[in-house]
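Throughout, residue positions are numbered sequentially from 1 according to the sequence presented. It should be emphasised that the depicted structure is a prediction, and the values quoted were computed from it without experimental measurement.
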Amino acid sequence: MIIGSFQTKTKDENSKNFQCTNCGGHSINIKVYSTFFNLGFPLFPTGKKVELSCNDCKKINPIQYKASDIQKIDSIKSDTNHPFYLFIFPAFFGILFFYSLVNKISRESNTRDTEINVVRTPKSEAELVLDKEMESYQQHYNDLLYASSILPEHPAAEYLLTYFQDNLHGNDKLVEAEADSFDNSVILVCYMPNMTHSTDKAKKELVEKTTKLLKNKFNYENFYLAFYGYDVNLYAIKCKDSVQTSQNYLSTDTEKLMYEFYREKEKGNPNN
């Protein structure tokens, strides 16, 4: 029995909407793959992958991934549908679940003589305050995330964006960035197109390089760094001394570690 994650090609076409950074040609081959989990048979789709190659020089991923290119790629992905057979199992499971739900409701309607009252324990005042604080930190982080641009306002983001544009080539360049800071702490979010294909080792080297650059330039001591790919998934994160990377992508729970920056900024004590 074959178990694991697999992919199947769902689109293979040529486009003149991109320019190769290697040879300058405009004949780019676009392949779109549907990824799915297999347990002897396809269970369900897990996502889509796009692979670009130049028909002239054969270079893989030959474009700069500017904001306009990313929008075109996202449009190609959204216009490509998963094969119908990847939905057979989810559809079967959905029908089975609906059938079970209908039976359950039917049984409950015939046994209303016995009622079970579920008592919900209300949250304490401290828990309510904590929830409100977390919502505030999340909002601050989302504001920073969506403020990321090719022309950042914060000096740290501007410096890092300029450095990577001048010293790296091809897909290693930053596309967008933004930052915030207080005292000796900095939070930085970046979008880099090569994150989806780079190794864990390369991601960790990127985090270390960024930390060193910002420390030498601005004397920061506490770092909150998040690196996203062009697919808007989180692939590398650093919160103070903790570094996490993933070949696929990190969970939203991991992303919440970045909220600690705003808690410290509000409390005014980054060392605790």
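- In summary, of the residues considered (Thr10, Ile30, Val50), a side-chain contact (heavy atoms from CB on, under 4.5 Å) with Thr80 occurs for Thr10 alone.
- By the 6.0 Å contact criterion, NZ on Lys77 is enclosed, its count of non-hydrogen atoms from other residues, nucleotides or ligands being greater than 12.
- Between Tyr228 and Leu234, some side-chain heavy-atom pair lies under the 4.5 Å cut-off.
- With rounding to the nearest 0.5 angstrom, the NZ atom of Lys204 is 10.0 Å from the CD atom of Gln244.
- In Glu153, the CD atom is not crowded: 12 or fewer heavy atoms of neighbouring residues, nucleotides or ligands sit closer than 6.0 Å.
- A donor and an acceptor atom, one from each side chain of Asn29 and Asn14, are located under 3.5 Å apart.
- A cation-pi arrangement, defined by a distance under 6.0 Å to the six-membered ring centre and an angle within 45 degrees of its axis, is present between Lys72 and Phe18.
- The CG atom of Asp143 sits 11.5 Å away from atom CD of Glu178, with the distance rounded to the nearest 0.5 Å.
- Considering CD of Glu208 and CG of Leu213, their distance stands at 12.0 Å, rounded to 0.5 Å.
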Hey, mind stepping through Tyr137 and Lys265 against side chain to side chain donor-acceptor pair (under 3.5 Å) and telling me if it holds?
-> CA-CA 10 Å; Tyr137 303 151; Lys265 184 177 183 180; over 6 Å; no
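- In the model, Thr254 has a side-chain atom that pairs as donor or acceptor with a side-chain atom of Ser251 under 3.5 Å.
- Cluster annotation: Tyr33 and Phe37 are assigned to distinct hydrophobic clusters (Ile/Leu/Val/Met/Phe/Trp/Tyr, side-chain heavy-atom contacts under 4.5 Å, transitive).
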Side chain to side chain donor-acceptor pair (under 3.5 Å) assessment of Ser34 paired with Thr8 = CA-CA 5 Å; Ser34 289; Thr8 181; over 6 Å; no
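- The closest side-chain heavy-atom distance from Tyr141 to Glu255 is below 4.5 Å.
- Counting heavy atoms of neighbouring residues, nucleotides and ligands inside a 6.0 Å radius, atom NZ of Lys215 does not exceed 12 of them.
- From Ser185, atom OG reaches atom CD of Glu260 across 10.0 Å, with rounding to the nearest 0.5 Å.
- Electrostatic pairing of Lys267 and Glu133 counts as a salt bridge here, judged by a charged N lying under 4.0 Å from a carboxylate O.
- Within the 4.5 Å cutoff, the side chain of Cys57 has heavy atoms near those of the Cys20 side chain.
- Going from atom SG of Cys239 over to atom CZ of Phe261 covers 11.5 Å, rounded to the nearest 0.5 Å.
- Side-chain contact between Tyr224 and Lys238 is absent, with no heavy-atom pair separated by less than 4.5 Å.
- Here His154 contributes atom NE2 and Leu188 contributes atom CG; the two are 9.0 Å apart, rounded to the nearest 0.5 Å.
- Taking the six-membered ring where the residue is Trp, Phe223 and Tyr220 present perpendicular rings, their angle passing 60° and hence far from 30°.
- We find that Lys256 and Asp253 are joined by a salt bridge, their nearest charged nitrogen and carboxylate oxygen being less than 4.0 Å apart.
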Between Phe227 and Tyr235, does a ring pair (Phe, Tyr, Trp, His ring centres under 6.0 Å) hold up when you go through it step by step?
-> CA-CA 6 Å; Phe227 294 89; Tyr235 289 91; over 10 Å; no
Please report the C-alpha distance between Lys11 and Glu51 in whole Å, then the side-chain angles of each, then the deciding distance to 0.1 Å, and finally whether the salt bridge (charged side-chain N to carboxylate O under 4.0 Å, His left out) criterion is met.
-> CA-CA 10 Å; Lys11 177 176 287 189; Glu51 181 180 287; over 6 Å; no
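- A heavy-atom distance below 4.5 Å is found between the side chains of Leu206 and Met192.
- The shortest distance between side-chain heavy atoms of Asn222 and Asn184 falls below 4.5 Å.
- Side chains of Ile28 and Asn55 form no contact here, defined as non-hydrogen atoms less than 4.5 Å apart.
- Glu135 has no carboxylate O lying under 4.0 Å from a charged side-chain N of Lys132, or vice versa, which leaves the two without a salt bridge.
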